Amino acid sequence: MSFARILGTGGYLPEKVLTNADLEKMVDTSDEWIRTRTGIEERHIAADGETACDLAEHAARRAIEAANLQTSDIDLIIVATTTPDRVFPSTACLLQKRLDIHGCAAFDVQAVCTGFVYALGIAEKFIKTDSCRNALVVGTETLSRVVDWTDRDTCVLFGDGAGAVVLGVDEKVGIRSTHLHADGQYDDLLTVPVGISQGFDLVKEGKAFVQMRGNEVFRMAVNTLGRICDETLAANNLEKTDIDWLIPHQANIRIISAMARKLGMSMERVVVTVQTHGNTSAASIPLALDCAVRDGRIKRGETLLMEGFGGGFTWGSVLLDY
Ligand code: COA
């Protein structure tokens, strides 16, 4: 039987850093409010002309190198993004061209902040069914392009970045289970309400930005993520104490802490990057993973729980042995 294991990770953050002090000059907010309500201290912002594919390419090359592979070894590319470079081709196809890879399947997944979890879940199925051997799975976002920088409710929350993993076939178990969910009835609580088919009237009116009912999203996120942790442990017959590391989506330190409490984990066993990355949507989980792998916290053989929640609503988890 074939399993999917993470062979290598990579991450990339744009050079420009936007601090809370910078935001104080842009909107009616304070460093103290942002820190205490969200845990965020700074976030990275893509330079003019720097796209989701640019960020993805850096992260992807680092992940392929960490996996000790060549770009020519990759035979599936999945990119999770809410902020693609173009309507089409997909960002995955644009990335494929950058990496000089030809012929393998390449496509985007749109599940907002749960995008990377969805992409990993799909890649795992390709590997387990012997449809590919080395899948490149990327989460990349330029959320700064759809944020209203005059709206203090949302502009303090988001950042840009990309994270990637190479998932390879192995006889030893890597990914143990994936759990993907959605409920479209909450479309109005968190949305960018413009698109190709619906039209771009709001763009002309200068309103094509993230709209969020923060309080309601917060409550839904905490309850839903609590349930997905229970579902994941039950599916694997595991106790909370069997989890070595929690790698949550990085939206708000209060949501992350609530999940750590729910799992009875000390914050030392939770990978937290929200303070310096902000919410990078589909990039947040692979970026957090890459940070903790590269600084030596996460070691081979340890059991990781990844969980995410985002617009849609979408939510999901991945349990794996690293
Ligand atoms: N600076 C200062 N004050 C701000 C502010 C800011 N940047 N943003 C909002 N406020 C004010 C509000 O106007 C409100 O003022 P009022 O009481 O006078 O009306 C007050 O702070 C409290 O606002 P509230 O929305 O209740 O704060 P909160 O504790 O819920 O925190 C969020 C707001 C957005 C940080 C929080 O709701 C959240 O994180 N939600 C989920 C976000 C999320 O996960 N999104 C993505 C899912 S992937």
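Both counts, for ligands and for their atoms, begin at 1 and track the order of listing. Side-chain atoms are counted along with the backbone in the values below, which use heavy atoms only and exclude waters and symmetry mates. Here the structure is a predicted model, which is why all the values come from computation and not from measurement.
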The closest protein heavy-atom partner of atom 31 (O) of ligand 1 is R254 NH2, 3.4 Å
Looking at atom 40 (N) of ligand 1, what's its closest protein heavy atom, distance included?
-> G214 O, 3.0 Å
Can you tell me the protein heavy atom closest to atom 46 (C) of ligand 1 and the distance?
-> N279 ND2, 3.7 Å
protein heavy-atom neighbour closest to atom 39 (O) of ligand 1 works out as N252 ND2, 2.7 Å
At the 4.0 Å heavy-atom cut-off, does V27 count as touching ligand 1?
-> no
What distance do L246 atom CG and M265 atom CE have between them, rounded to the nearest 0.5 Å?
-> 5.5 Å
Rounded to the nearest 0.5 Å, what separation is found between the CD atom of Q250 and the CD atom of Q275?
-> 7.5 Å
Mind checking whether I34 has a heavy atom under 4.0 Å from ligand 1?
-> no
Is there a donor-acceptor pair under 3.5 Å between the side chain of D73 and the backbone N or O of Q70?
-> yes
Are D201 and K204 close enough for a salt bridge, meaning some N to O gap below 4.0 Å?
-> yes
How far is atom 11 (C) of ligand 1 from its nearest protein heavy atom, and which residue and atom is that?
-> R152 NH2, 3.6 Å
Considering heavy atoms of the protein only, find what lies nearest to atom 45 (N) of ligand 1 and give residue, atom and distance to 0.1 Å.
-> M212 SD, 3.3 Å
What distance separates Y12 OH from T140 OG1, expressed to the nearest 0.5 Å?
-> 10.5 Å
Atom 30 (O) of ligand 1: closest protein heavy atom, distance to 0.1 Å, is N215 OD1, 3.2 Å
Which atoms from ligand 1 have a heavy atom of A251 less than 4.0 Å away?
-> 44 (O)
Can you tell me which residue and heavy atom of the protein come closest to atom 20 (C) of ligand 1, and the distance to 0.1 Å?
-> W33 NE1, 4.4 Å
Between R269 and E302, is there a side-chain N and carboxylate O pair less than 4.0 Å apart?
-> yes
Using 4.0 Å as the upper bound for N to carboxylate O, is an ion pair formed by R61 and E65?
-> no
Check: R37 N/O within less than 3.5 Å of ligand 1 N/O = yes
